[in-house]
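One structure is given here, and the rest of the page talks about it.
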Amino acid sequence: MCNCCITTCDSKSSAEARAPAVGRERTATAHAALCCQPTTPPTPTTPTTLSTECPGMGSRSIALLLALGIAGGFAQARYYGKDLGPLSQLHHGVRGRVYAVDSKTLFIQDFHYDGEGPAAYFYVGKSKSPDAAGATRLRDERGGAGALRRYRGEPVTISLSDGLTLKDIRWFSVWCDEYAVNFGDVSIPRDLDYPKPAKVGALRGIHGVSSDQIIVVDAQTLLITNFSYDGEAPDAKFWVGRGDQPSPQGIRIPDENGKEDPLRKYDKKTIVLTLPGDLTVFDIGHFGVWCEAFTVDFGHITLPRAQVSNVPPSLKMLGVSPQSKLNCEVLNEEFGFEVRWAIAGDSIVLQLVAKLDDGEYMSFGISGHPSRVQMVGGDVAVAWVDKDSFMGYSKDYYLDAKSQCAGVRGTCPDERIVSKTNSVRVLNAALVNGYSIVTYQRSLRAADELDLPIFTNTSQPVIWAIGPLNSRLEASYHHTYLKEDKFIEFGRPPMWNCPMPESEDEGVPSVAPVAPGRQHTHEHTHKHREPVRPESTAVIKPNPVPTPKPVAKVVPWEIPPIQCYEPSDGVFYAQMGPTGGKHGYSAITGHVGWGISWYINGLLIPEINVVRGKQYTFVVEGGSNPEIPAKYHPFYITNDPVGGYYHKSEEERKGIQIYAGARRLRSGEVTPTGVGRICNWTPDSQGPEADEYPSFGAYQRSLTLVCETGDPGVVTWTPDRNTPDTVYYQCFTHRHLGWKINVLDECDVEEAEESRVVESLALPDDLQSQESIQ
C-alpha cells in the first residue's frame with residue numbers, strides 16, 4: 001500500500017489495446033531521463049492474481065502485500081490485464097470495461113451503475129448466458145455482501161469465491177435478485193489465457209550472487225527465492241535498466257525492506273522486490289546486483305519480452321491506493337505480537353505479526369462490549385501460517401462463548417454459524433525468521449449480523465489472543481490473551497508505536513501495494529522482529545555514484561608490515577583476495593572495501609616500507625581483461641589514497657601523481673601497464689566466515705591461491721628523492737583496494753627472516769626488463 005497515482009483512460013477495443021502505443025500518454029517523475037530507445041510494447045493481456053502454477057504462492061484473490069517500501073512517481077501506462085470487453089449496457093446505466101487480472105480476479109474500468117436497482121449484485125456463472133440458477137454471487141470490491149451501491153466511473157476489483165477460477169465460469173453480470181434481471185454482462189472465453197506470473201532466469205555472478213529462477217509476480221513485483229550474496233562489497237544494489245546489460249545508466253531498486261542502502265549478506269533468502277514508482281517490467285530489459293560505487297556487475301538476468309508480456313498488472317496499476325504509512329501497536333512483547341493497519345477507503349488492511357509455534361494461531365478484533373474488553377460477543381480474525389506449505393489463513397470468528405466451537409456455539413468461524421459470512425480476506429502471508437505474518441482486509445462497516453464495525457472517528461476497545469489450533473484447524477482455548485482494557489483509534493494519523501526496523505532513526509516505514517492475490521514467503525531483518533503494455537516511454541535517471549562512507553573503527557587484525565630489508569631481492573607479488581570481514585580492510589583503512597583487495601606477498605594490504613634509490617619489482621596478478629571489470633585490476637603506485645584513476649574526472653585528477661604502473665600515450669591518454677593474469681586468494685566455501693577468525697594468520701591459513709592461465713605483469717619502480725614519504729599501491733580501475741607504501745631514506749635494520757607467502761614463479765626473460773616509469 002503506497003501513495004498511488006490513480007489514472008483513467010478511455011476504453012479501447014481489444015485490437016486497439018494490442019497495437020503499439022506510440023504517443024500513448026505517459027509522464028516521467030523524479031526518475032527522469034533514460035538515454036535509450038523505447039522498448040517494444042508487450043502484447044497487453046488480462047490482469048491477474050497469482051495462480052497455483054508458481055510454487056510457494058497461493059491462488060488467492062487480489063491482494064495487498066504490506067511490505068516496507070517506497071511510494072513512487074511515474075504516471076502509469078494503462079495496463080489492466082486481459083481485455084474481456086465492455087459490459088453490455090442493458091439497465092440502470094451499467095457500463096464499464098472488464099479485464100481478467102488473473103485466474104481469480106476481475107477488474108472493471110470506469111464502472112457505472114445508478115444504484116437504483118432494488119437488489120443488484122455481482123454474479124458469475126457457468127451457464128451459456130446469465131441466469132441466477134446455479135450462479136455464484138460475489139462480494140463487492142470492499143468485501144461487502146450487501147446490494148451494490150451507486151458507482152460513478154470507478155475502478156472496481158472483484159475476487160472470485162473460494163474454489164472458483166475464470167476457467168470455471170462463462171459470464172460475469174450485474175444481476176438483480178429481486179426481479180431476476182440482467183443489468184449488464186460480459187462473456188468469458190473458454191480458452192481464456194489469463195495473466196499469470198512468469199519464471200525468468202536465475203542469478204549467477206561474483207560475490208556469491210545466486211538464486212533460483214526469478215518469478216515476475218506482476219508487472220511491478222519480483223519474487224527471488226534462495227537469493228545469496230556474500231555482503232562483502234560496499235555499495236551493491238538491486239539494479240534494473242534498459243537493454244540486456246547493466247550499466248551506470250540504470251536505476252537502483254529498493255530492497256525487500258524498501259531501502260536503498262547497500263545490500264547486506266543474504267544466504268538462500270526468499271525476498272520480494274517492488275519496482276519503484278510506476279516503473280514496470282515492460283520498461284526494463286534486465287535485473288541484477290550492481291556495485292554502484294565501483295560500477296561492477298555482480299550478476300544479472302535478462303527479462304525477455306515474450307516471457308513477461310502476460311504477467312498480471314500490479315495493484316497500483318489497478319488504482320488501489322491505501323494511505324502511505326502504517327500504524328503499529330505492540331500487543332504482547334513476549335511473543336513479539338504486533339498489529340499494523342492502514343485505512344483503505346471503506347475498508348481496512350491489517351497485518352498481524354507474532355512469533356508462534358507450529359500449529360498456533362494469533363487473533364485480533366473488536367471487543368464484544370463498546371466500552372471495555374470483553375471476549376464474548378467479540379468479532380475477531382483468527383490468523384496463522386502453515387509452516388509446511390507457507391500458506392497463510394485468516395478466518396472471521398464470532399465469539400459466542402469462551403469455549404471451542406461446537407455446532408454453532410462457542411468460538412466459531414462465522415461460516416460455521418451462517419454460510420457465506422466470512423468477511424475477512426487474506427492478502428499476504430509470510431514466515432520471517434520465525435515470525436508469522438498475515439495480512440488481511442475487511443470492511444470498516446459490519447458486513448453481516450456477526451460482524452462489528454470499526455470506527456475511524458473514535459477509539460474502541462480491542463481484544464486479542466494466542467493459542468493452539470485443533471485438528472479441524474479451528475481456534476482452541478488461548479494460552480495468552482489481553483487481560484486489561486486496550487483501546488485503539490483506527491482512524492488516527494499514521495503512528496508507529498512498535499520497535500523500528502534496524503534502527504530507531506530511519507523513520508516510519510512506508511507501505512507498498514505489491515501484487516494481486518499473492519502470498520509470499522520472504523525475509524526481513526529487524527532489530528526486534530520482522531514483519532511484513534502499452535509501449536513504454538518511461539525514462540530512468542541514473543543515480544549519482546556515491547562515495548563509500550567511512551566505516552566505524554573496530555579492532556583490526558594485526559597485519560605484519562613488510563620491512564625495508566625484505567624481501568632481499570625487492571620482488572613483491574601483488575594478487576587479489578577477500579577483504580577479511582570487519583577486522584580486515586575496513587578496520588585497517590577506515591574505509592569500506594568492495595569485497596576484494598590487494599594481497600602483497602600473501603598479506604592483506606600490508607604497509608610496505610621501501611628505500612629511496614633501490615629498485616623494486618611488483619609481479620602483478622590482478623587481471624588483464626578489461627572486458628570483465630570485476631576481474632580487471634591494474635596495479636599502480638600513486639599519491640592518491642583512494643585509487644581508481646581511470647574513472648576520475650579531469651578535475652579529480654589534478655594533483656594526482658602516478659609513479660609506476662602507467663604511462664602516457666602520445667594522445668595524452670594515461671593507460672595502465674600493471675596488468676597480468678588474475679590470481680585470487682580464495683576462502684574455503686565450507687569454512688567459517690572471516691569474522692570468526694581471531695587473527696589474520698588463522699584466516700590466511702584458510703585461503704588457497706587460485707590462478708588463471710596466462711602470464712603475470714611486471715611493474716618496476718625506483719623511488720627517489722622526489723617521491724613523497726607516503727604513497728599508495730592501488731587499482732587503476734577501482735577505488736579502495738590498496739594501502740600505504742612508506743618511503744624511507746635509508747634502512748639500517750639488519751636483515752631478518754622474510755614473512756611473505758608467495759608462489760614459486762620464474763619470471764620469463766622478456767619480463768625482466770625495466771619498464772618506463774612516469
Side-chain angles (χ1 to χ4, degrees), residues 35 245 247-249 291 293-297 545 547 570-576 594 596-598 600 608 610 612-679 708-724 726-739 741 743 763-774:
C35 315
Q245 297 293 326
S247 73
Q249 281 67 50
C291 184
F294 296 97
T295 64
V296 177
D297 174 20
V545 176
T547 299
V571 177
F572 299 98
Y573 291 82
Q575 296 145 342
M576 307 309 300
W594 74 290
I596 63 171
S597 55
W598 283 113
I600 306 298
I608 302 174
V610 298
R612 290 183 173 89
K614 180 177 179 178
Q615 177 175 298
Y616 296 91
T617 300
F618 291 84
V619 179
V620 179
E621 295 171 317
S624 59
N625 185 358
E627 298 300 317
I628 308 176
K631 294 184 177 182
Y632 181 61
H633 310 291
F635 179 94
Y636 75 120
I637 298 173
T638 176
N639 64 344
D640 177 17
V642 176
Y645 185 87
Y646 178 77
H647 293 291
K648 293 183 182 293
S649 66
E650 289 301 320
E651 184 65 27
E652 291 173 324
R653 291 180 177 184
K654 291 180 179 178
I656 292 179
Q657 298 291 322
I658 297 177
Y659 305 104
R663 59 192 177 92
R664 189 179 297 276
L665 304 178
R666 291 182 179 180
S667 64
E669 177 186 359
V670 177
T671 184
T673 59
V675 296
R677 69 172 184 177
I678 189 166
C679 289
E708 294 186 356
T709 58
D711 293 326
V714 171
V715 171
T716 57
W717 174 50
T718 304
D720 57 26
R721 59 187 179 88
N722 296 318
T723 306
T726 302
V727 294
Y728 302 85
Y729 55 95
Q730 299 286 10
C731 170
F732 193 79
T733 55
H734 299 98
R735 300 184 295 174
H736 298 295
L737 263 67
W739 196 221
I741 301 177
V743 182
L763 294 182
D765 293 338
D766 59 351
L767 293 180
Q768 297 284 0
S769 59
Q770 180 175 342
E771 70 163 28
S772 60
I773 300 173
Q774 180 183 355

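Every value quoted in this text rests on a predicted model; they were computed, and no experiment measured them. Only this structure's heavy atoms are used, side chains among them; waters, hydrogens and symmetry mates stay out.
- Partners of E650 by side chain to side chain contact (heavy atoms under 4.5 Å, CB included), not counting sequence neighbours, listed by chain and number: R653.
- Contact between C731 and L737 at its shortest, heavy atoms only, is CB-CD2, 3.7 Å.
- Every residue two or more places apart in sequence or in another chain was checked for a ring pair (Phe, Tyr, Trp, His ring centres under 6.0 Å) with Y632, and none qualifies.
- Checked against the 6.0 Å centroid criterion, the rings of F635 and F618 qualify as a close aromatic pair.
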Would V670 and I658 count as a side chain to side chain contact (heavy atoms under 4.5 Å, CB included) here? Give the steps. CA-CA 10 Å; V670 177; I658 297 177; 4.1 Å; yes
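- By the side chain to side chain donor-acceptor pair (under 3.5 Å) test, T723 pairs with D720, sequence neighbours left out.
- Contact check for W598 versus W739: no side-chain heavy atoms found under the 4.5 Å cut-off.
- For the residue pair V715 and G674, the shortest heavy atom distance occurs at CG2-CA, 3.5 Å.
- Atoms SG and CD, on C679 and Q575 in that order, are 5.5 Å from each other to the nearest 0.5 Å.
- Judged by distance alone, the side chain of N639 and the main-chain N or O of Q657 form a donor-acceptor pair under 3.5 Å.
- Taken from OH in Y728 to CD1 in I741, the straight-line distance is 10.5 Å, to the nearest 0.5 Å.
- Residues satisfying the salt bridge (Lys or Arg N to Asp or Glu O under 4.0 Å) test with E669, not counting sequence neighbours, are none.
- Within the 4.5 Å cutoff, the side chain of Y636 has heavy atoms near those of the Q730 side chain.
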Does R677 form a side chain to side chain contact (heavy atoms under 4.5 Å, CB included) with T709? I'd like the steps, not just the answer. CA-CA 7 Å; R677 69 172 184 177; T709 58; over 6 Å; no
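- Using cut-offs of 30° and 60° for the angle between ring planes, the F294 and H734 rings count as tilted.
- Contact of the I608 side chain with the F572 side chain is registered, since non-hydrogen atoms from C-beta on lie closer than 4.5 Å.
- Atom-to-atom distance recorded for S624:OG and H633:NE2 is 11.5 Å, nearest 0.5 angstrom.
- Annotation: side chain of I600 is in contact with side chain of Y729 (closest heavy-atom distance under 4.5 Å).
- Under the salt bridge (Lys or Arg N to Asp or Glu O under 4.0 Å) criterion, D297 pairs with no residue at all, not counting sequence neighbours.
- Contact check for V743 versus P724: no side-chain heavy atoms found under the 4.5 Å cut-off.
- Separating the OH atom in Y659 from the CD1 atom in I637 is a distance of 10.5 Å, to the nearest 0.5 Å.
- With sequence neighbours left out, K648 forms a salt bridge (Lys or Arg N to Asp or Glu O under 4.0 Å) with D640.
- Qualifying side chain to side chain contact (heavy atoms under 4.5 Å, CB included) partners for T671, counting only residues two or more places apart in sequence or in other chains: R663, L665.
- Applying the side chain to side chain contact (heavy atoms under 4.5 Å, CB included) rule to E708 yields the partners K631, I678; only residues at least two apart in sequence or on another chain are considered.
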Set out, in order, the CA-CA distance, both residues' side-chain angles and the distance that settles side chain to side chain contact (heavy atoms under 4.5 Å, CB included) for I656 and T638, then state yes or no. CA-CA 7 Å; I656 292 179; T638 176; 3.6 Å; yes
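- Rounded to the nearest 0.5 Å, atoms OG1 (T718) and NZ (K614) are 11.0 Å apart.
- Among residue pairs with one or both ends in residues 638-658, those qualifying as ring-ring contact (aromatic ring centres under 6.0 Å, His included) are Y645-F732; sequence neighbours excluded.
- Residues V571 and V619 are in side-chain contact: their nearest non-hydrogen atoms beyond the backbone lie under 4.5 Å apart.
- Not counting sequence neighbours, E627 has no partner by the salt bridge (Lys or Arg N to Asp or Glu O under 4.0 Å) test.
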